[in-house]
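A short write-up of the structure that comes next.
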Amino acid sequence: MAAQAVTPQSVDFSKWYNEIVYRADLAAQSPVRGCIIIKPYGYELWDAIKNGLDRRFKATGHRNAYFPLFIPESYIKREAQHVEGFSPELAVVTIAGGKELEEPLIVRPTSETIIGEAFAQWIQSYRDLPLLINQWSNVVRWELRTRPFLRTAEFLWQEGHTAHATHDDAEAETLQMLDVYADMAINDAAIPVIKGRKSEQEKFAGALRSYTIEAMMGDKKALQSGTSHNLGQNFATAFDIKYLDVNNEQQICWTTSWGLSTRFVGAVVMAHGDDTGLRLPPRLAPIQVVMVPIYRDEDGERVVMEAVSRLQAALLDAGIRLHVDTRDERPGFKFNDWEMRGVPVRIEIGPKDVANNTVVLARRDMPGKAGKQFVSQDGIVEAVKTLLGDIHDNMLEQATQFRDANIHEVEGDYNRFREIVADSWAYTWFCGDAECEKKIQEDNQAVSRCFPLEQDAGEGPCIVCKGTAKERALFAKAY
RNA sequence: CGGGGUGUAGCGCAGCCCGGUAGCGCGCACCGUUCGGGUCGGUGAGGUCCCGGGUUCAAAUCCCGGCACCCCGACCA
């Protein structure tokens, strides 16, 4: 039989990624350039991400709403930086119902403008603030170069939009939502992310400040996995979002927006996957446990399936997402198949196990024999629950160690800096100047990722111009 | 948007140079065999050879034009 292994990460990470996405059944190619079909398994993964976020959004007082897909062209043009940032990648509808439209409609690349217009009508008084809205939607950005999940012409996401009375309120909201993203990434996806502020060059078109959670992928490239923006009064001014304060004076609102997209599915794949396939974090895995019955004749089948039904009922009762693989395939095939799909735990059960009242528990995060253990059927639910927790912890630990081993601090030595960013992340003093950033980008393929929020105070020489820098930044090659 | 590549069965490809009945592997269906780490054998279904035009008795193959997708760079969640 032909080898069915994927291209190893070490040979060609990019190729590995593409193969995994299709072979693990996350997505399929679509007839439309730059778009993908998200298949059920991939969508279930997105659903899990989505549910984790939605729960957190609601817990912090946000409400979901839905705004139109089509945005009048004039709206996009109201905020100068915004239009400049987005115009190259807009899809525009000029004909509808067989007639040329009086005003072209933009297929939303993001909804600040149309939501801003609505906010202007909804907000009259300081009593209406803060206004905390979230939308789950699709957006379109006509990217020239696309990759499944990481950058597609159409993608799914959520975009939060809020309005506040003061700059500080808006800033608190922006940072709170960044925390929400980080919490989901770490506790649901087992991806250790670094919270930071984007440089002036890298911030959102029209924002006062942009924040990001940055994650390190298996090839050591950085992936911006979620962003949160303090929009200041830029959009509020452009869209007349005003309120009367306690003194009956007109004030301009402060707004925020924050988004996390199906790109995060790509983050899960690239942060955890290995040469055997996907490795899904237990809390997001659509299937947490797969049970593979093993037998060689009808007697064996009867006795094994009886035990399978019993264990299945117990595990499903406990709320574990379980799948029993009864396909007419050899066990070895099934093992490999589910490993490709990243299922965290596999239960093998055969006649010998039934005789011994045991099962084999195999964990995806530890390959081969090392990850296998015999456990008693009696304590199966607890054993599985504990194991799922252990796997999450271990995956987070592995990813954290990998990340920390590949971030190197450097001070003042530009040559050393260049060596570092060639292969990993550099952490260094950076003045934030556009010219300095440009030089780094031109000399290396790396760009600034963020000024990490958690760093010791102090100052040092900017890695490029040697001028006094008050913050350190992370630099890396990025997706 | 620049550079390269590829369009032939669901997927991966050969055939094209040198025109002559469209093939291989995997997958799929059925039968048997096997089943604790990617079984083996048999039978079978499945094709606008990317599209349009041209040359020719005859085009997957040669010529002209178009389209699509993929990969690599610059730009971006």
Side-chain angles (χ1 to χ4, degrees), chain A residues 1-6 12 14-15 17-19 22-23 28-36 84-90 109-110 138-159 181 198 201-205 207 210 212-215 222-229 257-267 276-277 292-298 300-301 304 325-340 346-354 356 358-360 362 367-369 371-372 374 441-442 445 447 478-479:
Chain A
M1 170 163 289
Q4 306 202 359
V6 291
D12 187 339
S14 206
K15 206 168 171 186
Y17 176 78
N18 278 324
E19 289 177 13
Y22 297 123
R23 290 186 48 182
Q29 295 191 0
S30 85
V32 182
R33 195 200 86 98
C35 295
I36 56 169
E84 191 187 331
F86 279 105
S87 49
E89 53 193 47
L90 297 179
T110 180
N138 59 336
V139 287
V140 168
R141 299 180 187 177
W142 213 252
E143 300 289 349
L144 297 171
R145 181 148 178 227
T146 58
R147 306 194 59 192
F149 293 112
L150 299 175
R151 179 169 297 104
T152 46
E154 178 189 10
F155 56 93
L156 307 181
W157 77 343
Q158 57 68 218
E159 44 180 326
Y181 288 154
K198 283 288 181 188
Q201 292 66 235
E202 295 280 323
K203 74 182 186 186
F204 176 74
S210 288
T212 173
I213 50 171
E214 293 288 325
L223 184 74
Q224 177 176 314
S225 307
T227 48
S228 185
H229 316 287
S257 70
W258 24 277
L260 187 145
S261 73
T262 37
R263 163 179 271 197
F264 201 86
V265 172
T276 313
V292 179
I294 296 161
Y295 46 79
R296 64 172 65 219
D297 52 32
E298 282 184 12
E301 175 172 2
V304 168
D325 187 353
T326 54
R327 289 177 298 174
D328 186 18
E329 298 282 358
R330 291 192 84 197
F333 174 88
K334 295 180 181 178
F335 296 171
N336 285 285
D337 193 43
W338 291 111
E339 280 165 9
M340 174 64 69
R346 179 179 69 241
I347 297 176
E348 305 169 15
I349 175 165
K352 291 179 210 164
D353 296 302
V354 175
N356 298 333
T358 59
V359 297
V360 173
K369 279 229 161 77
K372 286 199 188 191
F374 288 92
Q441 197 169 345
E442 283 170 2
Q445 285 167 344
V447 292
Y479 278 98

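Predicted model only: the values in this text are computed from it and were never measured. The figures that follow rest on heavy atoms only: side chains count, while hydrogens, waters and symmetry mates do not.
No donor-acceptor pair closer than 3.5 Å links the side chain of A/Lys334 to the backbone N or O of A/Val292. A/Asp325 places a side-chain N or O within 3.5 Å of a backbone atom of A/Arg327 that can act as its donor or acceptor partner.
Across all strands, A/Gly259 comes closer than 4.0 Å to no nucleic acid atom at all (heavy-atom distances). Residue-level contact check: A/Glu89 touches the backbone only, with heavy atoms under 4.0 Å from sugar-phosphate atoms and none from bases. Residue contacts shown for A/Val292 are absent, as no nucleic acid heavy atom lies under 4.0 Å away. Base contact: A/Phe155 has a heavy atom under 4.0 Å from a base atom. Within 4.0 Å of A/Thr227, counting heavy atoms only, lies no atom of the nucleic acid at all. Among the heavy atoms of the strands lying under 4.0 Å from A/Gln224 are primed sugar atoms or P, OP1, OP2 only; no base atom is included. Among the protein residues, A/Leu150 comes within range of the nucleic acid bases, having at least one heavy atom under 4.0 Å from a base atom. Counting non-hydrogen atoms under 4.0 angstrom, A/Thr276 reaches nothing in the nucleic acid.
B/A45 and B/A9 have their C1' atoms separated by 11 Å, with the value rounded to a whole Å. With C1' as the reference atom, B/C49 and B/C13 are 13 Å apart, rounded to whole Å. Taking the P atom of each, B/G54 and B/C18 are spaced 24 Å apart, rounded to whole Å. Comparing the C1' positions of B/G47 and B/A14 gives an interatomic distance of 16 Å, to the nearest angstrom. Here the separation of B/C64 from B/C11, taken at their C1' atoms, is 33 Å to the nearest Å. If you take atom C1' in B/A58 and the same atom in B/C62, they sit 13 Å apart, rounded to whole Å. Going from the C1' atom of B/C1 to that of B/A74 covers 8 Å, rounded to whole Å. Comparing the P positions of B/C51 and B/U61 gives an interatomic distance of 10 Å, to the nearest angstrom.
A 3.5 Å limit on both hydrogen-bonding distances identifies B/A68 as the Watson-Crick or G-U partner of B/U6. Pair check for B/A60 finds none; no Watson-Crick or G-U wobble contact set falls under 3.5 Å. Across every strand in view, B/C24 sits in a pair with B/G12 that passes the Watson-Crick or G-U test at under 3.5 angstrom. Base-pair partner of B/C18: not found among the strands shown (Watson-Crick or G-U wobble, both distances under 3.5 Å). Nucleotide B/G46 has no partner under the Watson-Crick or G-U criteria, as no pair reaches both atom distances under 3.5 Å. With a 3.5 Å ceiling on both atom-pair distances, the Watson-Crick or G-U wobble partner of B/C1 is B/G73.
The side chain of A/Asp337 sits closest to B/G38 out of B/G38, B/A77, B/G37. Here B/C35 is the nucleotide among B/C28, B/C35, B/G38 with the atom lying nearest to any side-chain atom of A/Pro331. Relative to the side chain of A/Arg141, the nucleotides B/A74, B/A77, B/G36 differ in distance, and B/A77 lies closest. Closest approach to the A/Lys352 side chain among B/G37, B/G38, B/G36 is made by B/G36 (side chain taken as heavy atoms from C-beta onward). When the nucleotides B/A77, B/C72, B/G37 are ranked by their closest atom to the side chain of A/Ser14, B/C72 comes out on top. Comparing B/C35, B/G36, B/C1 against the side chain of A/Arg296 picks out B/C35 as the nearest. Side-chain atoms of A/Asn18 lie closest to B/C71 of the nucleotides B/C28, B/C71, B/G36. Nearest nucleotide to the A/Pro351 side chain, out of B/C1, B/G38, B/G36: B/G36. In this structure, of B/G37, B/C75, B/G36, it is B/C75 that holds the atom nearest to the side chain of A/Gln441.
Not a single donor-acceptor contact under 3.5 angstrom links the side-chain atoms of A/Arg145 to the base of B/G2. For A/Lys372 against B/G37, a side-chain N or O and a base N or O form a donor-acceptor pair under 3.5 Å. Interface remark: the A/Glu339 side chain does form a donor-acceptor pair with the B/G37 base, using a distance-only criterion of under 3.5 Å.
Judged by closest nucleotide on RNA chain B, A/Lys334 is the one of A/Lys334 and A/Ser225 placed further toward the 5' end. Nearest-nucleotide mapping onto RNA chain B: of A/Gln445 and A/Arg330, the residue sitting toward the 5' end is A/Arg330.
Here A/Tyr22 and A/Tyr17 keep their ring centres 6.0 angstrom or further from each other.
The separation between A/Gln29 atom CD and B/A68 atom P is 16 Å, rounded to whole Å. Between the CD atom of A/Glu19 and the C1' atom of B/G12 there is a distance of 11 Å, given to the nearest Å. Atom-to-atom, NZ of A/Lys203 to C1' of B/A77 comes out at 17 Å; the value is rounded to the nearest Å. Atom CD of A/Glu298 is separated from atom P of B/C35 by 15 Å (rounded to the nearest Å). A/Glu84 has its CD atom 13 Å from the C1' atom of B/C75, to the nearest Å. The distance from atom CG of A/Asp325 to atom C1' of B/G38 is 13 Å, rounded to the nearest whole Å. If you take CZ of A/Arg327 and P of B/G38, they are 15 Å apart, rounded to a whole angstrom. Rounded to whole Å, atom P of B/G32 lies 11 Å from atom CG of A/Asp328.
Applying the ring-ring contact (aromatic ring centres under 6.0 Å, His included) test to A/Phe155 and every residue at least two apart in sequence or in another chain returns A/Trp157. Residues forming a salt bridge (Lys or Arg N to Asp or Glu O under 4.0 Å) with A/Lys352 (at least two apart in sequence, or on another chain): none.
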Exercise. Begin with the C-alpha distance, continue with both residues' side-chain angles, and end with the deciding distance and a verdict on salt bridge (Lys or Arg N to Asp or Glu O under 4.0 Å) for A/Glu339 and A/Arg346.
Key: CA-CA 9 Å; A/Glu339 280 165 9; A/Arg346 179 179 69 241; 3.0 Å; yes
Quiz item: Would A/Arg141 and A/Glu154 satisfy salt bridge (Lys or Arg N to Asp or Glu O under 4.0 Å), going step by step from the backbone distance to the final call?
Solution: CA-CA 6 Å; A/Arg141 299 180 187 177; A/Glu154 178 189 10; over 6 Å; no
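We find the CG-CZ distance between A/Leu150 and A/Arg145 to be 11.0 Å, quoted to the nearest 0.5 Å.
Between A/Trp258 and A/Tyr181, the angle of the ring planes goes over 60°, which puts this pair in the perpendicular group of the 30/60° scheme.
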